[in-house]
Amino acid sequence: MSKNAEALARDIRNRAGNAPIAVGLILGSGLGHLADTVDGVAIPYSDLPGFPHAGVSGHNPNLVIGELEGVRVAVFGGRAHYYESGRADAMRLPLEVLAALGAGTMLATNAAGSMRPDMPTGSIMNLTDHINFAGANPLIGEPTDRRFVPMKDCYDPDIRAALAAAATTAEVEMHEGIYAWYSGPSFETIAEIKALRILGADAVGMSTVPEVILARFLGLKAAAISCITNMAAGMSDEQISHSHTKEMAPLGAAKLERVLRAWLQKQVQNT
Ligand code: HPA
């Protein structure tokens with residue numbers, strides 16, 4: 001853990017209390033609403049040196065520490081993307097801070113394009129695995145042997161199953177599938193989407209994979225859920241744009257919120 005992360009974690013504890021965090025939630029484009037429903041302390045990223053500026057519209061750049069359904073959470077209302085800086089490790093410090101605050105789990109959410117006709121706009125998808133189509137890696141430059149992180153089952157099978165059970169409880173249909181990371185910021189070509197389908201991907205987006213690699217590096221269990229905001233390029237006549245993503249995100253976000261709340265409630269029941 002870097003000294004910087006330890007210092008930030010101390011500062012955050014001074015502001016928001018010492019109780020350890022159980023779960024870190026990273027909110028994707030258009031999914032920031034959940035942060036507003038947390039009973040806790042909101043700390044702007046600008047107060048946390050080294051945190052990303054979260055310059056993408058549709059993101060809410062606060063770290064909110066508090067309780068959601070009785071579970072102590074750290075909600076990251078915005079993330080840095082590889083395409084903003086060319087740095088795949090842009091989320092390393094926030095995730096180091098999450099680990100320093102005692103969290104055992106990181107759950108990332110994102111907006112994504114669907115490559116499956118049975119998974120239309122407004123669906124949600126529990127990630128089972130990913131394809132690093134961007135080819136970048138947040139651990140490039142990490143000098144220790146800890147960089148050789150195993151990625152088998154990086155989407156924790158027990159958490160995936162618990163999320164699926166929570167979806168059933170919440171009466172929400174949640175798909176499962178493989179997420180492909182595309183660097184962005186331009187969207188994919190039709191040929192790239194054809195290639196990704198052949199490779200076995202079900203959804204495509206511009207985030208999450210670097211965070212999952214970093215989470216595993218830091219010893220956090222990882223899980224992720226996509227909100228499908230559009231059919232991927234060439235899959236329908238739907239327009240693809242960032243404003244369309246933000247417009248459509250609330251459709252899946254409402255389902256996502258119900259699943260997350262049911263999942264957190266069960267954690268309280270099981271303790
Ligand atoms: N491609 C990449 N990222 C995305 C998409 C998409 O179609 N939709 C939302 N984020």
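Just follow the structure's listing: the first ligand is 1, and inside any ligand the first atom is 1.
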Neighbour list for ligand 1 [protein residues, heavy atom under 4.0 Å]: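 Contacts of ligand 1 under 4.0 Å: Ala111, Ala112, Gly113, Phe187, Glu188, Val204, Gly205, Met206, Thr229, Asn230, Thr245.
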How would you list all residue pairs meeting salt bridge (Lys or Arg N to Asp or Glu O under 4.0 Å) that involve [range], not counting sequence neighbours?
{"range": "residues 164-192", "result": "none"}
{"range": "residues 127-145", "result": "Arg92-Glu142"}
{"range": "residues 203-213", "result": "Arg79-Glu211"}

Within-4.5 Å side-chain heavy-atom neighbours: Ile65 and Leu101: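 SC-SC contact between Ile65 and Leu101 confirmed.
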State which residue, out of Gln267, Lys266, Gln265, fulfils the side-chain hydrogen bond (donor to acceptor under 3.5 Å, both in side chains) condition with Glu69. Gln265
Around Lys255, counting heavy atoms of other residues, nucleotides and ligands shown, do more than 12 lie under 6.0 Å from its NZ? yes
